[in-house]
Colleague: 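Submitted below is the structure of interest, expressed as structure tokens.
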There are 2 protein chains.
Amino acid sequence: MSRARRTPRQADIARVAGVSQATVSVVLGGNRTGVRLSERTRLRVLEAAERLGYVPDPVATRLASARNNLLGVYTFTPAFPIDVADSYYPILAGIEAEAAALGQDLIMFTGSSAAGDHTRIRRTRLADGCLFLGRHVPVDAVGELLASGFPIVYIGRRTELDGTIPYVGGDYVSASAEVVARLVGAGHRHLRYLREPDEAPSSDDRERGVRTAAADAGLPVDGLVVRTDGSDLTAATLAAWRADGVTALVVEETDTGAVFHATQRALRAAGISVPDDVSLAVLGRPPGDPPGPEISGFEVPRREMGRAAVRLLASLLDPGLGDPAAHRLLTCPPVAGETISAVRP
Amino acid sequence: MSRARRTPRQADIARVAGVSQATVSVVLGGNRTGVRLSERTRLRVLEAAERLGYVPDPVATRLASARNNLLGVYTFTPAFPIDVADSYYPILAGIEAEAAALGQDLIMFTGSSAAGDHTRIRRTRLADGCLFLGRHVPVDAVGELLASGFPIVYIGRRTELDGTIPYVGGDYVSASAEVVARLVGAGHRHLRYLREPDEAPSSDDRERGVRTAAADAGLPVDGLVVRTDGSDLTAATLAAWRADGVTALVVEETDTGAVFHATQRALRAAGISVPDDVSLAVLGRPPGDPPGPEISGFEVPRREMGRAAVRLLASLLDPGLGDPAAHRLLTCPPVAGETISAVRP
DNA sequence: CTGAAAGCGCTTACAG
DNA sequence: CTGAAAGCGCTTACAG
């Protein structure tokens, strides 16, 4: 029994079929260059390949040509967090589903601390193109990729590099405006919007939606937006707001849910009940799917984002598929929920 | 602004440093062949590489040499199922964590139906080695991989190909025996073990543990094991068993949990309460973590399996790390739970 | 209509 | 001590 039996390559097929290795490549490659070759030759090659059980070496294919049917997925943190409410999972599921439908495998460049960002990002070239997950944008490395023509797509709107980064995100502006409009429709005129302190397009978009809808409804914009990391959301604060006439709270949704949880705690501590005393809405879905009444707000279509991002990347790889907008914002469906009630006139 | 600015390669460094491309390769490769080269040259090369922002092309590296710091993960079904109770996730989390610790990226070969198993499995060669998840063992393709010396590791015990497939699994024999011993210790002498009909090492191991422990305790083995897909588990069946003197039910754990759920339903329909009327244990954890009292049984250390599998694969890739057993069975910690009660004498 | 050549970016013997 | 050559398994112009 021979160990390490060599796996057949094109040269072996060529020998068996009595043609050159290059001809084998042409036949097996589906003759994309439109070379003329006799049907007899074609069949001989195909038969020999079949008989030898030939399967192309993906590494050599990739080195010689440009394509490998391999899509990268780059995350700055672990793709499979064990303790955090997992917002990656549905995105990954969507990516996987669409990639499989397109016959593409996935290569995960997961947050390893070994090498620097630059080296790790450069490694994404192993794939035909790469999806990026995470707020972080290392502009040097990503700019280099972009400049070299390597196709990338971010999940989530990105403004860096003069807005040249292709992305698929959620239309948080419209969805947030719709939530505020819903509150206004229920008679609310005095709101507070609670957002986390750090800047990010997804946060800014929500705030913009809130401000626009408030302005459209002629609501006072002064004091509307409150930046907080949650630590100053005490029972006293909420009680004061209520005494001030605030009838509805709108909370930003983030991965950690810090502000949302702080709000819930403070409401309970102040003995304010939802939605009888005050209405509550979340711009997204509260993390961890807490028990109790369903919170009003909107859905973030993460799975569909994953799918759409793969499709965008595929079209970037193959411009023949048409040149879609490099920036796509998906609609976030409203969630009626049970935490918005009408204001008594 | 030039588009598609080329990314630096070794030849560029060679030009800048005034040496040959091969010398650059030697220096950058850490001089593993023990070639003698002057410190001056080494520094010049390193400096030029740094200045140009060089990062090796993984594809070329892989083609020319053997290593790529890339571990494959092959699944026969989607790695991110959307509707099934997810048993892959913790394994993937463990794989990712250990791979990151080892500075390896992951390439996911996810169940795409486009190509046949053979072609898809051959594609795993893109990686340095590959982990396989799933009961399915296509012996032809996997045997070919094995024969060619390509390192693979299965998650879960595998007996195919004369037991030559390296794997990391759970020690279900011992864990199952322990559960039965626990029941015996609580005075149970009359059990039923419910397992699904299809053969698999993980099922057979559990059954063996159950049989062994039962025999050791001098329990009747006749009628102990019941093969069922759940459809025949009616209230009448359970009532009859109980009338027969059965005091405890042991249920196999599987991905779908069909038998477990059927058992729960039938118990409820028959008005048999757990653990007052009958004790209940699951050989593993019930899928979906159902509400109610914690079911007695054992833990399947999925995360640790992922980690251990990566370590095994790494040692297969680098025999210098020592030659560990190619077959590893991890201990499954007992879960006391609340569904085993003592039998009244 | 088909073959021979060059090249993708590396590594690893092998000459000097 | 360092360079030139061959080769990994493919694809893609380019000759005949």
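First the proteins, then the strands, lettered A, B, ... as listed; each starts at 1. What you see below is based on every heavy atom in this structure, not just the backbone, and it leaves out hydrogens, waters and symmetry mates. This structure is a prediction, so every number in the text was calculated from the model and none was measured.
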Colleague: Send over the distance from Q21(A) CD to dA13(D) P, rounded to a whole Å.
Modeller: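 Roughly 15 Å, once rounded to whole Å.
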Colleague: Could you state the atom-to-atom distance from CD1 of I13(A) to P of dT2(C) in whole Å?
Modeller: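 It works out to 17 Å between those atoms.
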Colleague: Whole angstroms only, please: what is the CG-P distance between N69(A) and dC10(D)?
Modeller: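 It works out to 15 Å between those atoms.
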Colleague: With the side chain of A64(B) defined as its heavy atoms from C-beta on, choose the nearest nucleotide among dT11(D), dT11(C), dG3(C).
Modeller: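 Closest nucleotide among those given: dT11(C).
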Colleague: Round to the nearest Å and state the distance from L28(A) atom CG to dG9(D) atom P.
Modeller: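 In whole Å, dG9(D) P lies 15 Å from L28(A) CG.
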Colleague: For F150(B), does the six-membered ring have the charged nitrogen or CZ of R125(B) within the cation-pi criterion, i.e. under 6.0 angstrom from the centroid and within 45° of the normal?
Modeller: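 Yes, R125(B) and F150(B) form such a contact.
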Colleague: Taking atom C1' of dG9(D) as reference, at what distance in whole Å does atom CZ of R15(A) sit?
Modeller: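 Result: 13 Å.
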Colleague: Measure from the side chain of S25(A), starting at C-beta and using heavy atoms only, and say which of dT12(D), dT12(C), dG3(C) lies closest.
Modeller: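 That would be dT12(D).
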Colleague: Tell me if a side-chain donor or acceptor on T61(A) pairs with a main-chain N or O of D57(A) at a distance below 3.5 Å.
Modeller: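 Here the side-chain-to-backbone pair exists.
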Colleague: Is it true that a side-chain atom of R303(B) and a backbone atom of I91(B) form a donor plus acceptor pair closer than 3.5 Å?
Modeller: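 Side chain of R303(B) to backbone of I91(B): no pair is present.
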Colleague: Give the intermediate values and the outcome of salt bridge (charged side-chain N to carboxylate O under 4.0 Å, His left out) for residues R311(A) and E304(A).
Modeller: CA-CA 10 Å; R311(A) 281 194 299 269; E304(A) 189 45 46; 2.8 Å; yes
Colleague: Could you check V19(B) against D57(A) and say which one's nearest nucleotide on DNA chain D is further toward the 5' end?
Modeller: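 The residue mapped nearer the 5' terminus is V19(B).
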Colleague: Strictly below 4.0 Å: does T41(A) bring a side-chain N or O up to OP1 or OP2 of dT2(C)?
Modeller: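 Indeed, a polar side-chain atom of T41(A) lies that close.
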Colleague: For L63(A) and dC8(D), give me the distance from atom CG to atom C1', rounded to whole Å.
Modeller: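 After rounding, the reported distance stands at 9 Å.
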Colleague: Which of parallel (below 30°), tilted (30 to 60°) and perpendicular (above 60°) describes Y167(A) and H327(A)?
Modeller: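 Ring orientation, 0 to 90° scale: parallel.
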Colleague: Please confirm whether the shortest side-chain N or O distance from Q10(B) to OP1 or OP2 of dT11(C) is below 4.0 Å.
Modeller: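 Answer yes for this pair, as a side-chain N or O of Q10(B) is under 4.0 Å from OP1 or OP2.
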Colleague: Please determine whether a side-chain nitrogen or oxygen atom of T23(B) lies at a distance below 4.0 Å from atom OP1 or OP2 of dG3(D).
Modeller: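 Checking T23(B) against dG3(D): at least one side-chain N or O falls below 4.0 Å of OP1 or OP2.
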Colleague: May I ask you to evaluate whether S38(B) reaches the phosphate of dC1(D), defined as a side-chain N or O under 4.0 Å from OP1 or OP2?
Modeller: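 The answer is no; no side-chain N or O of S38(B) sits under 4.0 Å from OP1 or OP2.
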Colleague: To the nearest Å, give me how far apart CZ (R9(B)) and P (dT11(C)) are.
Modeller: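 Whole-Å distance recorded here is 14 Å.
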Colleague: Report the distance from atom CG of L52(A) to atom P of dG9(D), rounded to the nearest whole Å.
Modeller: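 Rounded to the whole Å, the gap is 15 Å.
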Colleague: May I ask which nucleotide in the shown strands pairs with dC1(D), Watson-Crick or G-U wobble, both distances under 3.5 Å?
Modeller: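 Pair assignment: dC1(D) / dG16(C).
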